[in-house]
Engineer: 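Have a look at this one before I ask anything.
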Amino acid sequence: MKQDMIVILDLGSTENTALARQIRALGVYSEIYPHDIKAEELKALPNVKGVILYGGPNNVVDGVRIDVLPEIYECGYPIMAIGHAAAACSNKLDRLPAGEAETVEILEKFVFRECGAEANWNMTNFIEDQIELVRRQVGDKKVLLALSGGVDSSVVAALLIKAIGKQLVCVHVNHGLMRKGESESVVEVFRNQMDANLIYVDATERFLEKLAGVSDPEKKRKIIGAEFIRVFEEEAKKLEGIDFLAQGTIYPDIVESGTKTAKMVKSHHNVGGLPEDLQFQLVEPLRQLFKDEVRRCGLELGLPDEMVFRQPFPGPGLGVRCLGAITRERLEAVRESDAILREEFKNAGLDKKVWQYFTIVPDFKSVGVRDNARCFEYPVIIRAVNTIDAMSATIEQVDWEVLIKITERIMKEVKNVNRVCYDLSPKPNATIEWE
Ligand code: XMP
């Protein structure tokens with residue numbers, strides 16, 4: 001293994017992740033573990049060079065002030081305690097200083113001088129380490145991956161293709177609610193360029209039939225989620241001798257769904273969420289990475305920019321942007337208008353600047369004129385938002401010229417549309433999606 005590691009033990013700080021990132025920014029790998037880790041578990045971790053006990057406001061759990069097991073001090077690692085009254089530790093700080101430069105100085109002193117760690121955390125080493133670990137884990141067995149074309153599953157695919165080649169079986173389910181060109185690009189990149197073992201399932205008809213006449217947003221989501229699992233299971237059953245399932249779990253998924261002191265932030269609700277009774281062992285090579293690191297890893301593995309910097313796209317896809325009961329006519333209008341929006345945002349240099357942007361087609365019509373005659377057609381609504389964590393969002397103040405250009409193109413090129421609106425609502429009170 002190539003990388004040294006600094007372990008952070010969570011003693012109730014709310015800043016564990018920020019600290020891990022600051023240490024990684026020094027070029028040294030860092031992971032967070034629960035306060036009650038046992039000495040033998042700690043010693044089993046690869047290349048640990050030092051330990052930070054990070055205390056904070058969540059240091060009382062079930063009425064008891066938490067501490068590390070005394071045996072942790074016997075492991076022989078250099079230990080620094082921050083915000084924690086560690087009796088057996090001489091290296092103690094009440095808190096990290098407010099100034100960035102002072103914090104870096106303290107961390108550098110501990111990480112490099114006291115622990116003797118090397119700054120050897122980089123994507124090349126990470127990828128090499130993961131390849132070795134995956135090969136060790138799966139041997140000559142086969143691994144199955146649901147490849148949606150999203151950033152995380154694409155990067156997992158690229159990494160596993162490098163590690164185990166044709167032992168990886170990717171299944172891409174096109175639910176008919178993908179954006180224009182998206183399924184095609186999954187096939188192009190993974191089957192044609194990377195020579196992956198890729199099963200492409202066009203399940204459009206099945207999904208649209210199941211969704212016909214269903215207008216309640218939550219029912220639509222449930223149908224799409226359940227049908228996705230059914231299709232994937234059917235494909236999995238056709239294959240023989242698969243022991244492993246790869247998943248694009250990333251570090252925030254793990255940290256958010258609970259170190260022992262953090263409050264549960266959100267449960268994960270993705271169409272990629274797979275049935276629990278599938279009897280597979282998990283392969284999760286990105287479980288240690290933050291999102292920006294996942295992107296760097298993808299670039300290093302040679303994935304195209306569009307895939308690596310893809311904006312977030314909900315699992316139920318265009319299904320929640322074709323409002324109410326989905327019809328083919330309006331689904332087509334969403335897909336075509338979204339493609340125009342993406343193209344024009346790219347032309348205007350907004351694609352790397354705006355967090356998420358898309359179009360919505362509601363299930364009502366308005367009166368207009370076309371070729372001197374009355375027409376009764378759908379509106380397209382444009383939405384462009386910025387956010388840090390998707391919990392709240394502000395709207396992007398797009399230039400009028402860009403909006404007018406997009407409007408002209410949508411009016412001209414998209415069938416059954418006679419009106420374009422721009423959604424000015426922040427979250428709250430609106431949500432980002434309309435359903
Ligand atoms: P809302 O609409 O809740 O969206 O403000 C916040 C973020 O979550 C995405 N989103 C979803 N993602 N499955 C997903 O995987 C879903 O059902 C879903 N609903 C919303 C949305 O695109 C935005 O980025």
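Numbering of ligands and ligand atoms starts at 1, following listing order.
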Engineer: Can you list the ligand 1 atoms lying under 4.0 Å from a non-hydrogen atom of T431?
Structural biologist: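 In order of numbering, the contacting atoms are 1 (P), 2 (O), 5 (O).
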Engineer: Can you sort out which atoms of ligand 1 are near W355, meaning under 4.0 Å from one of its heavy atoms?
Structural biologist: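 Answer, ordered by atom number: 24 (O).
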Engineer: Enumerate donor-acceptor pairs with a distance under 3.5 Å from any side-chain N or O in residues 309-328 to protein atoms, sequence neighbours excluded.
Structural biologist:
residue	atom	partner	partner atom	Å
R310	NH1	E182	OE2	2.6
Q311	OE1	Y357	N	2.8
Q311	NE2	Y357	O	3.1
R321	NE	E433	OE1	2.9
R321	NH2	E433	OE2	2.8
T327	OG1	R330	N	3.2
R328	NH1	E205	OE2	3.2
R328	NH2	E205	OE1	2.9

Engineer: Evaluate G315 for polar contact with ligand 1, using N/O atom pairs at a separation under 3.5 Å.
Structural biologist: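 Yes, there is a polar N/O contact under 3.5 Å.
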Engineer: Name the option, out of K220, E433, R221, that contains the heavy atom nearest to atom 19 (N) of ligand 1.
Structural biologist: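 Heavy atom nearest to atom 19 (N) of ligand 1 belongs to R221.
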Engineer: What residues form a salt bridge (Lys or Arg N to Asp or Glu O under 4.0 Å) with K219, not counting sequence neighbours?
Structural biologist: none
Engineer: Can you tell me if N125 and N120 form a side-chain donor-acceptor pair at under 3.5 Å?
Structural biologist: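 No, because no side-chain N or O of N125 sits under 3.5 Å from a partner of the opposite role on N120.
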Engineer: Please classify the P316 to ligand 1 contact at 4.0 Å (heavy-atom distances, strictly less than): side chain, backbone, both or neither.
Structural biologist: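 Answer for P316: side chain.
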Engineer: Backbone or side chain, does any N or O of F313 fall under 3.5 Å from an N or O of ligand 1?
Structural biologist: no
Engineer: Please confirm whether the backbone N or O of M5 pairs with a side-chain atom of N47, one donor and one acceptor, at under 3.5 Å?
Structural biologist: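 Flag not set: sc N47 to bb M5 has no pair under 3.5 Å.
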Engineer: Tell me, please, whether F126 has R24 positioned over its six-membered ring: NZ or CZ under 6.0 Å from the ring centre and within 45 degrees of its axis?
Structural biologist: no
